[in-house]
Amino acid sequence: MSRWLRSQRTPGQDTRYAFAVGRIRALEARLLDSARIDRLLDADDAEEALRILSDSEYGGLVAELAQATQFESILTAEEDRLWRLFNELCLDGWLRDLILSRLDYANLKVLSRLRLILKSEEPWSAREGGVAIDVLSEALTERTPALLPDHLASAVGVLLDSESEGRLSPRQTDLVLDHAYFAFLLQQAQDHGTTFFIQFVRVWIDLVNIETFFRMRYFRPDLETVRLAFHNGGTIPVSHFLALLDEPPEVLGHRFYATAYFSLVEHGSAALEATGSFSRLEKLLDDYLIDFVRRTKVYPFGSEPLIAYLLAKEHELKMLRMIFMAKTVHIREAALKHRMPEVY
Amino acid sequence: MILDINPTRMELLRLRKRIVIARRGHKLLKDKQDELMRQLIDLIREIRDLRRRVERELTEASQRFLLAKAALRPGTIEGSLLVPTADLGLAVERRHIMNIRAPVFAAALTGTIHCYGYLGTSGELDASLLALQNAMKLLVELAQKEKTIQLLADEIEKTRRRVNALEYVLIPDLTDTIKYISMKLSEMERSNLSRLMRVKEIVREH
């Protein structure tokens, strides 16, 4: 393997991203720290939270806001800025496709509900991924999956077959697309990515499977859903989850003892049993993923810090959305703090 | 107030029958009113706790829903819940309570309220939807009881007016009229008697 190719496959070695990483390091320093998040959490209402936010990176956007209830416009504007930055700094086509495919699959989920289940021609818009919404819509209405990239085309083909047989349900649509999405992510990471990307996809699959596992234990869906819900490709085999579905909650921690998720499962399970709320578990899952990407802080080069920043910023926007929503509708502070994940 | 009638013996007999019926009707209506009041008070007691429970559950469910929504990407909830797979059927039957046709709602949920996949949604969203579903059952029960209370209150109002009309208008009027006719008849009898005595006296003088 040539030195250049080896550097492409080793995390933090791709020097083409030297400028991007420098810029990301500067932007990372402007992310909200835990002290500011705590001040936002302690704010009496949304107006006060907005005043606290005005001293931060969001100051310019806050100044344009007439009312605190319009906080979503700040988050949307910041998200637009984030995606522009990503497109500007990302030098690899495969990586751009990989990241944008998340939006494609999310758009396909809604469009397949609209066009295939509801048979509605109603126009619909959302943030576009790698494929324009019109093209996705046409592929479904004209039954021409060939218009789409291969990975999307095969998933749409499955949906169209199910629809012809009259057995397409919204949940089945989501499960088919989720499987296709993770298969695509894993394939792309293995074909082009560094070991970081491969590990990242596998950890993400594990975390989604762990959350699905607890949701299944709690809500007991039908057998067909149980069969389709878990994703292959993670570090924990699907059979492990299926075998533990009926185990008592107190032994779950031990059953995951040999995995990296022991603490997460043990604490998440205990909180779920004690409160009946998934908030703590979701916080632990968020924290785990953010903790995983935090390792890119020591990478001198490579596309990994860019992806980590993208996730960290989205994570921050999610935290702000939760805080402002809670302050606007007066959700109990304890419930909010219980759910609030750690900062990047 | 004396009724506008002829003070005859026939009328007196008719009025005596009427007052007996009016008194019996008054007693029955009074009993009905008491029973309706008892049922109303029982229902109010039940509904006070139920309403508190419904409000608490709805508040908690909507707060959980909003927090779950805030933790998801914008538009996820709208997209995920675009095609609901749960159907809430409401069968309405009637039951009679003291001549009132009170509704009986029977809510039946078919299908699952979780109509989406697992990626991009959250367990807290599942839990909040389930909480809303449970609150919906209580909400239907509350609606049934509140409608029954409304019908009971209307019926009590009507019965109270009837009882009052009988107690303070019809029965006193009939009593007064009967008394008036009795006095009139007695007076006519006395005048007849004195007239006869006078005629007898005149006949005896001649």
Side-chain angles (χ1 to χ4, degrees), chain A residues 72 75-76 79 102 105-107 109-110 113-114 117-118 124 126-127 169-178 181-182 208-209 211-212 214-216 218-219 221-222 225 228-231 272 276-279 281-282 286 314 318-319 321-326 328-332 335-336 339, chain B residues 52-89 108-139:
Chain A
E72 192 63 45
L75 308 183
T76 310
E79 208 175 359
R102 189 183 69 195
Y105 280 94
N107 291 342
K109 282 183 185 178
V110 180
R113 281 169 163 79
L114 275 173
I117 301 178
L118 295 175
W124 176 79
R127 188 182 297 281
S169 71
R171 176 167 263 180
Q172 188 208 358
T173 305
D174 287 0
L175 294 177
V176 165
L177 291 173
D178 293 346
Y181 176 53
F182 277 127
V208 170
N209 279 343
E211 193 187 3
T212 304
F214 280 105
R215 288 165 79 176
M216 292 213 160
Y218 210 78
F219 299 108
D222 55 275
T225 305
L228 286 173
F230 293 103
H231 301 280
L272 182 61
S277 164
F278 282 78
S279 291
L281 178 69
E282 286 169 11
D286 284 350
E314 284 190 330
K318 179 159 100 173
M319 289 163 84
R321 188 174 287 112
M322 282 195 276
I323 291 171
F324 277 97
M325 179 72 86
T328 308
V329 299
H330 307 293
I331 291 173
R332 280 178 295 118
L336 181 62
R339 173 66 183 89
Chain B
R52 271 200 210 115
R53 209 174 135 204
V54 167
E55 281 172 3
R56 195 177 54 240
E57 292 209 3
L58 275 179
T59 309
E60 198 177 321
S62 35
Q63 288 204 345
R64 283 181 89 167
F65 179 78
L66 286 172
L67 201 56
K69 186 183 173 183
L72 300 177
R73 298 183 164 284
T76 304
I77 297 265
E78 292 78 359
S80 300
L81 303 181
L82 201 60
V83 185
T85 48
D87 246 337
L88 183 72
L109 188 90
T110 50
T112 170
I113 198 159
H114 301 134
C115 54
Y116 43 78
Y118 293 95
L119 179 65
T121 57
S122 67
E124 196 54 17
L125 175 67
D126 297 352
S128 67
L129 288 179
L130 198 66
L132 279 173
Q133 180 185 312
N134 292 338
M136 188 59 77
K137 284 178 199 160
L138 291 176
L139 205 61

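Residue numbers start from 1 in every chain, and the chains themselves are labelled A, B, ... in the order their sequence lines are given, proteins ahead of strands.
- Residues B:L82 and A:P170 are not in side-chain contact: their nearest non-hydrogen atoms beyond the backbone lie 4.5 Å or more apart.
- Chosen from A:P221, A:A229, A:S277, the residue pairing most often with chain B at heavy-atom distances under 4.5 Å is A:S277.
- Among the residues in residues 54-65 of chain B, those with a non-hydrogen atom closer than 4.5 angstrom to a non-hydrogen atom of chain A are B:Q63, B:R64.
- For A:I331, the parts lying near chain B are the backbone and the side chain together; criterion is any non-hydrogen pair under 4.5 Å.
- Chosen from A:V110, A:T173, A:D178, the residue pairing most often with chain B at heavy-atom distances under 4.5 Å is A:D178.
- The greatest number of non-hydrogen atom pairs below 4.5 Å with chain B, out of A:E211, A:R321, A:H330, A:Q172, is found for A:R321.
- Proximity to chain B (any heavy atom under 4.5 Å) is restricted, for A:K109, to the side chain, taken from C-beta onward.
- For A:R102, the part lying near chain B is the side chain, with the backbone staying farther off; criterion is any non-hydrogen pair under 4.5 Å.
- Using non-hydrogen atoms only and a strict 4.5 Å limit, the part of residues 70-77 of chain B facing chain A consists of B:A70, B:A71, B:L72, B:R73, B:P74.
- Heavy atoms closer than 4.5 Å to chain B are found nowhere in A:F214, neither backbone nor side chain.
- Residue A:M319: no heavy atom, backbone or side chain, is found under 4.5 Å from chain B.
- Residue A:F182 touches chain B through its side chain alone, counting heavy-atom pairs closer than 4.5 Å.
- For the set B:A131, B:A127, B:S122, B:S128, the entry with the most heavy-atom pairs within less than 4.5 Å of chain A is B:S122.
- Within the structure, every pair that satisfies the side chain to side chain donor-acceptor pair (under 3.5 Å) test and touches residues 111-121 of chain B, not counting sequence neighbours, is listed here: A:R215-B:T121, B:Y116-B:D126.
- The number of heavy-atom neighbours closer than 6.0 Å to CE of A:M325, taken from other residues, nucleotides and ligands shown, is above 12.
- For chain B, no part of A:T76 is nearby; none of its heavy atoms comes within less than 4.5 Å.
- For A:R339, the salt bridge (Lys or Arg N to Asp or Glu O under 4.0 Å) partners at least two apart in sequence or on another chain are A:E282, A:D286.
- For the pair A:L336 and B:L67, the minimum side-chain heavy-atom distance is below 4.5 Å.
- Both the backbone and the side chain of A:V329 have a heavy atom closer than 4.5 Å to some heavy atom of chain B.
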